Amino acid sequence: MKSYLSTAIFGMGLILASCSAPHSEGPAYLDVNKPLEERVEDALARMTIQEKVAMTHAQSKFSSPGVPRLGIPEVWCTDGPHGIRPEVFWDEWDQAGWTSDSCTAFPALTGLAATWNEELAHLYGKSIGEEARYRKKTVLLGPGVNICRTPLNGRNFEYMGEDPYLAGRMVVPYVQGVQENGVAACVKHFALNNAESNRHTSNIHVDDRTLYEIYLPAFKAAVQEGNAWSIMGSYNLYKGIWCSQNPYLLNDILKKEWGFDGVVISDWGAVHDTDQAVRNGLDLEFGSWTNGLTMGKTNAYDSYFFATPYLEGLASGKYGTEELDDKCRRILRLIFRTEMSADRPFGRFTSPEHYEAARKIGTESIVLLKNDGILPVDASRMQKILVVGENAIRKMSVGGGSSSLKVEHEISPLEGIKARFADAQIIFERGYVSDAENVYNGVSAGDNLEESRSAEKLVEDAVAAASKADLVIYIGGLNKANHQDCEDSDRLTYHLSYGQDGLIESLAEVNRNLVVVNISGTPVAMPWVDEVPAIVQSWYLGSEAGTCLAAVLSGDVNPSGKLPFTYPVEYSDGPIKEEAQYPGLLEGNMGGVEAYDVPLHEMYYSEGVFIGYRWYETRNVKPLFAFGHGLSYTRFVVDGVKVDRTRISADDEVIVSATVRNVGDVAGAEVVQLYVQDNEASVARPSKELKGFKKVFLQPGEQKTVEIRLSADDLSFFDESAHAWKAEPGVFTLHVGTAVDKIWDQVEITLK
Ligand code: BGC
């Protein structure tokens, strides 16, 4: 055994494992008409141990080898999730400087979630999948569905909000759309990666009920309904074990409970130990730092945990081939579903349809938070428009970490406003300067953010200009620099930085015609809310950002976005009260994995299921803006709420219906939201939980009846002692609303 393997290790020859019988028509694995599993078994039987091990780890920053001898192609991954990342050097993070890789940037995923429109989620997945396909990628590293547990999490903008049901409904069509292109979606980051600071050393303590009710459902939907072909293990730890090598998450839940047959890919550098990674369900290792411990040598992929150490373990008999074969089966399956599938389309890149998709999703994502009547902008009265704020000129597709892009074009908000209001006089004042250079991994956004005026002078100039303008549009917020919606660093405060609160207050003092546009991927404090007549929540909208924003400000498009998370007035209003909850307590050391013995941040999710609106609603804490909130330029009335039956048994479905009428003057869309309340339960349950929604588009005067189906599963909670979902008999109130705090009517049903 030993000499057999060392031959393989030192590459002195390839030892073939038992080959399948020769076939006159060629090997089964090459026959695209043969069943997938037959192809997998056939290919596996032809591979050497060395080839199998090689297949389980990276050969470059973003690729892993296939089996060259057998003509099985490499696996090429790309970030994700908002566009296709520029090509990087073989073993570097820096862009390689290609001239053919400038992509379409789609809106950030919080924006997609804010559309509450599943069709748009499919359009998004299909479009980005086409871009990935054209760029010859096997795996798109996205979408992300980690739940927004705190507004401070640096990566909320890459995820789909605070509610597991909403995130689940939106992730499924995204995944399907991507995979229709023969490109695998890689749903990330599995699991409990709800903070960026200390992401490599946070050990999450969460009870099973909270895990199953809040943090897992969107992943489960992506796997079971979306049939995601891959999933990414996260950096953090759960039960003292890193998630990319975690037996509870990967083997027990993902593979056994959910029947996942795809590939578990590690986050880049998330593997720490060969033994755990081999046995606990990881399939494909990426981004380890050469010897696994340090950043350093390059081109040392043989030092990966799944390279020489794995081969040595196999040689010594420490590992059997069972786990290895399972990993290879999964990777082969992924390759046959993608690179070697029969009917793989060819994709397309930066096509007009993709910009149109980005525009459609972007405009539908924008949320009108407040409007005392100055929106939409009446261009006939507002001849002199002052735009203030750095985010009006800052290109946002660069920055934020691994989702940073190099784009073919990006229309800034100022450019969009100038183009839309071509007859008005548009003046720009910067107002403040942020502290970041807009460059990421060698890609520059190309916007000129140089400024020589002092902070005081910038405010002075903006206020002076505001006093002379008909309308002031302030465009600020966060900006994807470190601590401002960015990977690897959480925000340091819930408030806006760079003196923006003071600036907005000063503008409001001199001009009451003020619109504030907040660009962010997460909630922010708005202490000036009462001073400002109109507030718009925009997101990182990608290539067509400025066009989308101008369309909504002008009323060309009637806003219909709804918040995918709650905006608390103050951070301290939320459920996270103690350091132990977030950012965690620095305690003790990692046991078990000798090679990486580091102090951990113990993070306790002691608020349980009460995060987001589940907290604010149940505790009667009034937020600044509630989950599901979003205004329109028209008015809607919801009535006629009823159920087709009031008593159901465990196997029944109940149909909840409601009629929505557009009673205003312009066409628009409203989202009917259904929240379930268990009136009496043996465990503490939130007073409202989203279990259904429907978006309806209505002309003025038009009405439509929507139907939402509920089953007993939608009434259940996760019973820890039985390790199963349980719906307790009794009375449930069904709240039908257009935001969690705007309930139009309620009906009761009884579960027998
Ligand atoms: C991020 C992942 C990303 C990977 C590759 C990691 O740092 O957490 O989301 O896909 O890098 O760029």
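Quantities reported herein were computed from a predicted structural model and do not represent experimental measurements. When a ligand or atom number is given, it counts from 1 through the structure's own listing order.
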For side chain to side chain contact (heavy atoms under 4.5 Å, CB included), just list the numbers for K188 and D267, CA-CA rounded to whole Å, side-chain angles, deciding distance to a tenth of an Å, and then say yes or no.
-> CA-CA 9 Å; K188 61 195 192 181; D267 200 344; over 6 Å; no
Please step through side-chain hydrogen bond (donor to acceptor under 3.5 Å, both in side chains) for the pair Q245 and D273, ending with a clear verdict.
-> CA-CA 8 Å; Q245 52 193 54; D273 177 60; 4.6 Å; no
Element-labelled atoms of ligand 1 that are located less than 4.0 Å from some non-hydrogen atom of Y235 | 6 (C), 7 (O), 8 (O)
Lys/Arg cation over aromatic W90: K61, 6.0 Å, 45° cone | no
Under the 6.0 Å and 45° cation-pi test, does R149 pair with Y582?
-> no
In a check of side-chain contact (heavy atoms from CB on, under 4.5 Å) between V139 and each of V75, V178, T78, which one passes?
-> V75
Where ligand 1 meets R155 - atom numbers and elements under 4.0 angstrom, heavy-atom basis | 1 (C), 2 (C), 8 (O), 9 (O)
May I ask you to identify the nearest protein heavy atom to atom 4 (C) of ligand 1, giving residue, atom name and distance to one decimal place in Å?
-> D267 OD1, 3.5 Å
Pull out every atom of ligand 1 sitting under 4.0 Å from any heavy atom of L141, numbered as shown with elements.
-> 10 (O)
Passes ring-ring contact (aromatic ring centres under 6.0 Å, His included), Y235 versus H200? Steps please.
-> CA-CA 5 Å; Y235 284 129; H200 295 274; 4.1 Å; yes
Is E487 in polar range of ligand 1, meaning some N or O pair under 3.5 Å apart?
-> yes
By number and element, which atoms of ligand 1 are closer than 4.0 Å to a non-hydrogen atom of K188?
-> 2 (C), 3 (C), 9 (O), 10 (O)
Backbone or side chain, does any N or O of W268 fall under 3.5 Å from an N or O of ligand 1?
-> no
Closest candidate by heavy atom, reference atom 9 (O) of ligand 1, pool E158, R85, H189 | H189
